[in-house]
Amino acid sequence: MNPTVLFERVSTQRVLHCTLNGRRVTQPIAVHQSLAEVLRDNMGLTGTKVACNQAACGACTVLLDGEAVFACHTLAAQAEGAQVQTIEGLASGDTLHPLQAAFIQHDALQCGFCTPGMLMAIEAAVRAGVPAERSALRRAISGNVCRCGAYEAILDAALSVMAP
Amino acid sequence: MTAPEPLPRWPEPQALSVAGVSQPRASARAKVTGQAVYASDVAKPGLLHAVLVRAGIARGEVTSFDASRARAAEGVVLVLGPFDLPAPPGLGDPMAMPRSWRVISPQVRFVGEEIGVVVATTEAAARDALRLIEIGYRREAACITVEQSLADGAPLLSPHGNLAGEAEWVVRGDFEAAQAAAEVVIEAQYSTSAQHHNPLEPHGCVAAWQGDALTLWDSNQGAHAIRERLAGVMCWPLDKVRVISQYVGGGFGSKIHLKPYHVIAAEAARRLQQPVRLFMGRSEEFIASHQRAPTWRRIRLGATRAGRLSFIDESVTGQAGPSALFGVIAAGVSNGLRLHRADAVRADLRRVLTNTQAPVPFRGPTAAEDIFCLEQAVDELAHALQIDPLALRLRNLAETDLLAGLPYAGKELARCYRLGAEAFGWVWRAPSSARSGNLARGVGMGAAAYDGTLYEASPVEIVCLPSGRIELRIGITEIGCGADTVFAQIAAEELGLPLALIDTHFGDTHTTPRSIDATNHSRTTTVVGPAVRAAAHALRSALMEAGANLAAPAVQQQLARAAGTEGLVRRAERERGPDGVFPAMFAAHFVEVEVDCDTGRVSVLRAVCAHDAGRVINPRLAAGQVQGGFLQGMGMALQEERVLDPRTGRMLNAAMWAYRTPSIVDAPASIRFIDAGRPDGGNSLGIKGIGEPPLIAAGAAIANAVHNAIGVRLRAYPITPEKVLAALQESVENTP
């Protein structure tokens, strides 16, 4: 007697084409893979962290066509033809992005696990034109959790860059 | 190695140049660029993925474990159940606690306990295979709550009954006399909830064998202790086990101890001769990575009408989980009892066994639970006496440690009160006196004490490398507190060299000397720091003997020349602990809250946190510890609560969106750190800890401010909107 088939994976491979941190990439993926899995496991870009895998903490935040998304709950296939930016692409070579320098200066981190996602969320907020004002910025990055509680320094750091 | 005599004390802060000045965090660049490699980032060729099989019942025994279908599933390479691993030797080693000695056992003591593991080529395949395993259980009646466990006819969870150990009694002074002398007595019942650490990086490791040698990349708070206990449980030679923990995404006490996953990952990798990755998913992080114990207590305080504290009387119950191991973490009173002077104190403690996860230390373990409640009781006493709560505390400053019977190595609690009150603008006002529409504002304060006595051997190696750079080698794990930065500052100060020349190397058991068990108990800087200084002191002498001019402009060349081709190495052990004095940390927090009386929501508007941390080495990093600690205390006070189904023992909010920790919109506009300390007498550096007191002091200050805002007491933490609304409703009904 044949065993009962409980579930079956249909052929699910495809090739992702996107621009990742300014470079065109062609990457074989499985359609069920999240963007975070592809970045971390397939491509070795482990700067993007997966902390909850429940779209509830923001640690995996990356930019998809300039907008912040939770990479743990974005299918990699959704990045087809898109611009993807991760923490690895924030600095220009050895020159830190002003937000990164401000994070160091204000000590806007402790364990550092939320830091890449936090930086990408703030970068997205800046690009989206969020005003350089504490309450607006708080709301804009409210999906990002820092369990070490560096929020005050994070806001100070971000506003030091955003303020004209 | 015996601890040596301390060096002469460092001079007054003004005479120092690097220590005491904010310096950037040493790890900051790696962390902001995404280059910092955490254990969960480690990938090895041929990496396999392990997922733990967890018990679905609260108490009983696994009678059958049929994994035949799981083993046949695509991608699955290994399944181990409770009958596949021998009981490891080394039973009874209490330091292998809390559960690791069992590794995988058919006995089930709480929902989610590890009963097996699936290893597959992908994590998804391993998780899919979980549901193909057929598990048979023999169920036994369980006790999920403390009430169930203490009820008449409750199932017995141990041969000795349902208490973890004996009830503990603490008595100091003539309690009867103190009770007779009291003119005003208050009594109330309080409770605190189970709080989950919820570090952003979950527990887990990558285990890889090369021949008979194991390397474990692990997210922990003390790599050397994990290594020793793992080698012990596996009966493997210590020198064949290496643990690497370079960056750790938060711990807060949860990652001190060896856990079943360490052993299971190492054993699976050994059997498969392939590297294995085993990390908790977020729900597993809640279900089986332990938490702070929930506690209940009745507190009675007596005082004279003039506000002199006659007695403190506490009766405490803590939830100990399924075994007496770690029962001590379930409840404590010592830091509360040492906070204020009293003629006499009395406490009894019961730690109750239940079929729930055992508690493990969480930032200020037992002290936070105790002081959250005790400092509310002190506020209630102040109201009964009609004395400003600040004035009441100032009238009851302890000069000697009640429990140790020793004077303090340094105590600036009065300065915390004074400078904190000044910075806050503390003016006592009547409850409910600042209300506008549905919004009520209130101010509150609370204090904290925390013992600083957990000393362990902590040798430090310092090397002047042939490059002319200085490397500190310290066997700690750095979890984000900034100890690496602070140690480099201490060495720079002692050597008289630029900080930029000094690196701190840590987090690898093969390249560092064994240090303290773990980064915990607010003691890493205090215990290891003096050893860093002593090592730097020895290296300075050696460098000068070798002819180096440390004041030269091109000092790195001088150092390189002195180091030769071998490098120049010096070692030092920690200082001997102080004689005849008791080291302790102190704090006073002042808070303003706003309560929305329509929704019951409490918002903390601002906080001033005055701390006596002795000499502060890096004010900016210290401020970070204070802000973070305050927020975790705020979480415990206002929102963090484990919800367990009292029938099944299942956790109902094991998700980050359901168990909410403070977010950036919950955080007050400002959490201001006031350095109220002075160089302490506990060590030659004059330093004390600052990791835990900020959490401990936060809760009661917030609860007292809530009372001040709405005139109603909320004695069961967390103070959620539901409880606020119910309390307001009740107060309306009770108003004549």
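The sequence lines fix the lettering, A, B, ..., with proteins before strands; numbering per chain opens at 1.
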Return yes if some donor-acceptor pair links the side-chain N/O of A/Gln54 with the main-chain N/O of B/Met656 below 3.5 Å, else return no.
yes
Heavy-atom contacts under 4.5 Å, residues 112-122 of chain A to chain B:
A/Gly112, A/Phe113, A/Cys114, A/Thr115, A/Pro116, A/Leu119
For chain B, which residues of residues 96-106 of chain A have at least one non-hydrogen atom nearer than 4.5 Å to it?
A/Leu96, A/Gln100, A/Phe103, A/Ile104, A/Gln105, A/His106
Greatest number of heavy atom pairs closer than 4.5 Å to chain A - which of [options]:
options                               : answer
B/Gln625, B/Glu285, B/Gln35, B/Glu478 : B/Gln625
B/Ala36, B/Ala655, B/Ser283           : B/Ala655
B/Gly480, B/Gly249, B/Gly34           : B/Gly480

Chain B: which of A/Ala153, A/Ala51, A/Gly47 shares the most heavy-atom pairs with it under 4.5 Å?
A/Ala51
Go through the atoms of [X] and report whether side chain, backbone, both or neither lie under 4.5 Å from a heavy atom of chain A.
X        : value
B/Arg277 : side chain
B/Val248 : backbone
B/Glu123 : neither
B/Leu132 : side chain
B/Arg69  : side chain
B/Ser40  : both

Which atom names give the shortest non-hydrogen contact between [X] and [Y], and what distance separates them?
X        : Y        : value
B/Gly250 : A/Cys111 : N-CB, 3.4 Å
A/Cys148 : B/Phe252 : SG-CZ, 3.9 Å
B/Pro662 : A/Arg147 : CD-NH1, 4.0 Å

Euclidean distance, [Y] [atom2] relative to [X] [atom1], rounded to 0.5 Å:
X        : Y        : atom1 : atom2 : answer
B/Phe673 : A/Glu152 : CZ    : CD    : 13.0 Å
B/Arg29  : A/Asp94  : CZ    : CG    : 6.0 Å
B/Asn618 : A/Asp107 : CG    : CG    : 7.5 Å
B/Ile671 : A/Tyr151 : CD1   : OH    : 10.5 Å

Would B/Arg25 and A/Gln110 count as a side chain to side chain contact (heavy atoms under 4.5 Å, CB included) here? Give the steps.
CA-CA 9 Å; B/Arg25 180 180 295 272; A/Gln110 289 181 30; 3.8 Å; yes
Given side chains that start at C-beta, do those of A/Lys49 and B/Leu200 come closer than 4.5 Å, heavy atoms only?
no
Counting C-beta onward and ignoring hydrogens, is there a side-chain heavy-atom pair between A/Asn53 and B/Arg282 closer than 4.5 Å?
no
Could you look at A/Arg138 and say if it's the side chain, the backbone, both or neither that has a heavy atom under 4.5 Å from chain B?
both
Looking at A/Leu137, A/Leu155, A/Asn144, A/Val145, which hits side-chain contact (heavy atoms from CB on, under 4.5 Å) with B/Ile664?
A/Leu155
Atom CD of residue position A/Glu133 - does it have more than 12 heavy atoms of other residues, nucleotides or ligands inside 6.0 Å?
yes
